[in-house]
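A quick write-up on the structure given underneath.
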Amino acid sequence: MAPEIKKPLRLGVNIDHIATIRNARGGAHPDPVRAAELVACAGADGITAHLREDRRHIVDDDMRRLKEEIDLPLNFEMAATAEMLQLVSDVKPHGCCLVPENRKERTTEGGLDVAGQHNFIAPFVRELTDIGARVSLFVDPETSQIEAAKSTGAPVIEIHTGAYYEATAATDPARISAEFEKIKSAAELADSIGLEVHAGHGLTFWNVQPVAAIPQIVELNIGHFLVGEAVFMGLGEAVKEMKRLMQDARTGAHY
Ligand code: PXP
């Protein structure tokens with residue numbers, strides 16, 4: 001039998017919380033664009049930033065500067081609103097990841113309901129595609145959502161790994177295994193129908209390797225943990241260690 005060809009696995013670093021710290025004092029420091037330069041030097045493959053309606057962390061000017069000053073692909077995370085569409089046409093990021101947004105949430109709490117909102121999301125995907133953005137839909141690992149995502153014409157899904165994170169945080173082996181199996185099956189299904197598969201939310205040094213070993217997943221987007229760990233080991237070192245764990249899991253070296 002021919003050996004399985006493993007697709008490379010990219011790390012997209014979400015720098016939102018560099019902006020959260022900056023905004024706590026209202027000044028210019030720490031600058032998320034400087035953080036993006038640093039993570040690029042440390043081996044990140046892309047930069048992700050979520051421009052929320054309330055601008056609680058990343059602001060419009062950050063997006064413009066990230067696009068102009070950083071060589072890595074920019075993944076513009078956003079809600080499907082007319083305001084964001086206008087900004088995407090100004091900034092022209094490499095990709096857009098559509099997420100649900102709820103004003104009261106601390107962070108993105110669930111995947112998009114693509115199945116329930118297909119008639120709204122599909123034309124929005126077309127508009128983003130016409131602007132030149134590669135569109136990704138952030139969805140829970142559920143068959144109906146993945147099939148609906150495919151039918152919008154979006155080329156990419158990002159599987160929401162939040163429930164897996166919750167299970168790992170609760171150190172509940174049965175839950176961890178059940179949530180992991182959902183991610184694995186979702187990745188297999190999505191890949192089999194021609195979608196590019198990304199994953200993210202709540203990934204850490206301690207739970208990333210099983211997800212990184214799923215061969216259909218080609219990109220992980222990780223933010224909160226890396227920025228938190230930067231306090232202890234520095235942002236560049238945290239990115240390097242995350243990439244090492246991802247690559248080892250991918251090649252089966254230490255996993
Ligand atoms: N992917 C998406 C679509 C997200 O909304 C987030 C959180 O902003 C992430 C990845 C990164 O999650 P975390 O910050 O928990 O690593």
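As a basis for the values below, the full set of heavy atoms in this structure was taken, side chains included, without hydrogen atoms, waters or symmetry mates. Note that ligands are numbered from 1 as they come in the structure, with each ligand's atoms numbered from 1 the same way. What you see is a predicted model, and the numbers here were worked out from it, not measured in a lab.
The shortest N or O to N or O distance between E158 and ligand 1 is below 3.5 Å. For a threshold of 3.5 Å applied to N or O pairs, the pair formed by E77 and ligand 1 contains at least one separation below that value. At least one N or O atom of G223, backbone or side chain, sits closer than 3.5 Å to an N or O atom of ligand 1. Some N or O of H224 is nearer than 3.5 Å to an N or O of ligand 1, by distance alone.
Protein heavy atom nearest atom 12 (O) of ligand 1, with residue, atom name and distance: H201 CA, 3.4 Å.
Residue-ligand proximity: F138 is placed with a non-hydrogen atom under 4.0 Å from ligand 1.
Near V99, meaning under 4.0 Å from any of its heavy atoms, are these atoms of ligand 1: 3 (C). Near G202, meaning under 4.0 Å from one of its heavy atoms, ligand 1 places the atoms 12 (O), 13 (P), 15 (O), 16 (O). Close approach of ligand 1 to N14 is summarised as follows: ligand atoms under 4.0 Å from at least one heavy atom of the residue are 8 (O). Taking every non-hydrogen atom of N221 and a distance limit under 4.0 Å, the qualifying atoms of ligand 1 come out as 10 (C), 11 (C).
Under the 30°/60° scheme for interplanar angles, the aromatic rings of Y164 and F180 are found to be tilted.
Considering only heavy atoms from C-beta on, D90 stays 4.5 Å or farther from K92 through its side chain.
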Stepwise ring-ring contact (aromatic ring centres under 6.0 Å, His included) check, W206 with Y165: CA-CA 10 Å; W206 305 292; Y165 159 72; over 10 Å; no
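Looking only at atom types and distance, the side chain of E158 has no donor-acceptor partner in the side chain of H201 under 3.5 Å away.
For the salt bridge (charged side-chain N to carboxylate O under 4.0 Å, His left out) test, residues two or more places apart in sequence or in another chain that qualify with R55 are D60, E83. Considering only residues two or more places apart in sequence or on other chains, E166 meets the salt bridge (charged side-chain N to carboxylate O under 4.0 Å, His left out) condition with none of them.
Note on E179 versus R175: no salt bridge recorded, every NZ/NE/NH1/NH2 to OD/OE distance being 4.0 Å or above.
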